Amino acid sequence: MSSHPYLLGAACATPLLYLAITKWARPKPIPGIAHYPITSLLGDIPRVTEDMRVYGNIFDDGGFYNAAFKTGAPIWQLFVGPFDKWVGFADAQEMEDVLNRATRTRAVDQSDIMLAAFSGTIPYGMVSLKSDDVWRKHRRVMNPLVTSKYLKSMTPAIAESARALVDLWKSKMQRVKSKGGTCFSCEDDFRYVSIDAITSITLGKSLDTIPHARSIIETSEINVGPYGGATFHLPKLPLYESLRYLFECIGDATTLPAFIAYIKQQTLRYTPTFRKHYKYVIDHIFSFVTEARQAVKEARALNEEYEAKSLVGMVAEKEGLPGHESLHEWELRDEILAYIFAVSTCLGHDTTAAALTWGMKFLTENPRVQEVLHAELVNALADSPESRPVTFDEMMSPETTPYLEAVVSEILRCAKVAAASSKQTTEPLELLGTVIPPGTSIAWCTHIACDNATVDNEAKLRALDPVRSESSRKNGLGGRGLWKTPTDRFEPERWITVDEKTGQSTFNPRAGYSFPFGIGLRSCAGKQLAVLELKIYIATLNLAFFLSEVPKELSSHRAKIQISRVPDQAFVAPIEWN
Ligand code: HEM
């Protein structure tokens, strides 16, 4: 009898306590920033999950993030469970202005999410560092890699790997036809070709995955699907397998809350499989570092000049010289590894491979673009360019090959390989009149912002002028235009200006907004190399092949995020030009 009042009290208190806890634990919005109604502790997790299921990622047209920007403001907030929130930002003019300033003053720095995501594989690579003195040293030591001198010395290796890909595709197409197929999946091929190029560039010796693939293509397993699409199953080289394993360990880490990503990465790091693959890769890298150091030592002993032709050669050449900085052994290891397997929503081979894979889709769907490009290349490059590797000087002449520049810029714009760049505020940051508190993660949605920077949207963009920062108002579009034709169209002509009097075409890199390499101090450290690689591969493939139509069942534009944004389906049907 005497326990009834307690039971009654407990019965009344439980729902109240439940309500209090759920209210306390519900995501807390930042005042003044739009968001979807918060209906549960999960915040936007169900929307994210649904978009991942339907679109394969959260940034694509039709997805809720994109819809949020289209219907609402350029600032949006997203809740990942009760405690983790993101601010998404998508106004190109303001983004360029704020990121250029704020990354330099460190008001905006690399996010904890990025640090956590790479903490297992490359904890000392520049992508895993805040913008401090150590990061600056890394950038200084690695920067010469993208100077004209080194890019020029790397070009023959990249051009050779592109020619090897042409040979591989000829062999593949023969086998496909012999099995009654019409096209084949090229997704792995671009991974192979870009890993061959990046290992040449960093270590001075290609991994030769393309020649390996070619040597076994005749006997390899091939499946031809119902629409004539063939898939080859090629046994992979052990080093490639190990690199891929490490790369995939990063996996979805950039989309997880920082503490979960950190725990996941640290757990993985100590598993026997990770350690086995990691050791194999690092031993391989250091065998080249040791070799390069030895070669520098011998050249110095003979008073000869050492000519570096790779990243490790370049680093070894400078080591120990007065006035030159060196990286610690573990920093060097992580930088090389980062360059090889291409990280962040960014770096090196996977981003380049993803951009190329999208590029094949866009070209296949636009036969006219292929024809215009082919005519330009055949006219501009002398000495039968289709039967020899292209050269550095040919690839660095926008005045003679403006259409190639335009095609590559358009591929980068439409591929959206790095759909957003994640950064974190370190102090209160004003964005279009809204103050974002310190410690907030911001997804700078570069592609959504650039896609919306159109003449059609001009009135909406100008309506934001009163809340833009002073320098943004002063600089305006910074000499750029707004896109005149719909941004969901693949249209290299948008980058070309034609002189009305002479009819001369010129490539205009500031025709409109496109930020595939990010903005500001932490933008891509390999941009020049990436663009050079893309030009070499696109030019070499276009000189060799016309990409003919692929059945629509094999041509979906659905994307999946594997650190980079890659197409779900990537079939090509290359035929040699008549
Ligand atoms: C199509 C190819 C590529 C694309 C689209 C791309 C894009 C990006 C993006 C968006 C970022 C982050 C920028 C930011 O957070 O603001 C980045 C960072 C970076 N990228 Fe690339 N990238 C490509 C190729 C490369 C290549 C070939 C290399 C080097 C070999 C490279 C090295 C790096 C490095 C080291 C960083 C980190 C910079 C830092 O944290 O300071 N990238 N890249």
Side-chain angles (χ1 to χ4, degrees), residues 146 148 151-152 154-163 165-166 169 186 190 193-194 197 351-415 417 489-499 502-512 514 516-517 524 526-547 572 574 576-577:
V146 289
S148 290
L151 291 177
K152 187 167 190 168
M154 289 161 198
T155 300
I158 306 172
E160 279 305 338
S161 73
R163 299 274 316 154
L165 181 64
V166 167
W169 278 17
C186 67
F190 285 118
V193 84
S194 23
T351 37
T352 316
L356 284 163
T357 316
W358 282 110
M360 293 305 106
K361 254 181 171 351
F362 303 141
L363 290 173
T364 298
E365 289 160 7
N366 292 277
R368 189 196 51 81
V369 172
Q370 296 187 58
E371 278 155 13
V372 176
L373 179 60
H374 191 71
E376 175 183 272
L377 292 172
V378 171
N379 279 333
L381 315 186
D383 307 330
S384 314
E386 60 288 343
S387 47
R388 61 165 175 86
V390 295
T391 67
F392 178 73
D393 292 341
E394 286 169 339
M395 293 297 100
M396 300 304 275
S397 313
E399 51 310 324
T400 50
T401 51
Y403 204 69
L404 174 64
E405 303 282 337
V407 168
V408 166
S409 299
E410 189 65 350
I411 290 177
L412 283 166
R413 190 187 71 78
C414 295
V417 166
R489 247 190 241 162
F490 179 79
E491 196 181 78
E493 282 71 14
R494 69 175 77 244
W495 298 91
I496 297 280
T497 312
V498 182
D499 185 309
T502 61
Q504 176 83 26
S505 294
T506 326
F507 168 63
N508 177 8
R510 295 182 83 77
S514 175
F517 296 104
C524 179
K527 175 183 166 185
Q528 295 85 339
L529 174 58
V531 172
L532 175 66
E533 281 192 73
L534 290 178
K535 285 196 274 191
I536 293 176
Y537 292 128
I538 298 292
T540 307
L541 289 172
N542 176 269
L543 280 163
F545 301 118
F546 173 77
L547 302 175
V572 282
E576 290 175 60
W577 295 93

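Not measured: the values here are computed from a predicted model.
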Is there a side chain to side chain contact (heavy atoms under 4.5 Å, CB included) between L165 and T540 once you walk through the steps? CA-CA 9 Å; L165 181 64; T540 307; over 6 Å; no
Please find the pair of heavy atoms, one from [X] and one from [Y], that lie closest to each other, and give the distance.
X	Y	answer
M154	L529	SD-CD1, 4.4 Å
M395	E405	O-OE2, 4.0 Å
F545	P574	CG-CB, 3.6 Å
M360	V572	CB-CG1, 3.7 Å
L363	V369	CD2-CG1, 3.9 Å
A355	A415	CA-CB, 4.3 Å

With a 4.5 Å heavy-atom cut-off, do [X] and [Y] have their side chains touching?
X	Y	answer
Q504	V498	no
E399	T506	no
V166	L541	yes
C414	R489	no
I538	L356	yes
V146	K527	no
F507	T401	no
L381	L543	yes

Point-to-point distance, once rounded to the nearest 0.5 Å, from [atom1] of [X] to [atom2] of [Y]:
X	Y	atom1	atom2	answer
E491	E410	CD	CD	7.0 Å
Y403	I496	OH	CD1	7.5 Å
L532	L151	CG	CG	5.5 Å

Under 3.5 Å: donor-acceptor pair, side chain of [X], backbone of [Y]:
X	Y	answer
N542	Q370	yes
S397	T400	no
N366	R368	no

Let me know which of E533, R413, K535 forms a side chain to side chain contact (heavy atoms under 4.5 Å, CB included) with V408. K535
Return the orientation label for the F490 and F362 ring planes: parallel under 30°, perpendicular over 60°, tilted otherwise. parallel
Whether the Y537 and S194 side chains hold a donor-acceptor pair (N or O, under 3.5 Å, no angle test) is what I'd like checked. no
Chi angles and distances behind the side chain to side chain contact (heavy atoms under 4.5 Å, CB included) call for N508, W495: CA-CA 5 Å; N508 177 8; W495 298 91; 5.9 Å; no
Got a salt bridge between E160 and R163, using NZ or NE/NH1/NH2 to carboxylate O under 4.0 Å? no
For residues 373-398, which residue pairs qualify under ring-ring contact (aromatic ring centres under 6.0 Å, His included), counting only residues two or more places apart or in two chains? H374-W577
F517 and V531: side chain to side chain contact (heavy atoms under 4.5 Å, CB included), yes or no, with the steps? CA-CA 10 Å; F517 296 104; V531 172; 3.8 Å; yes
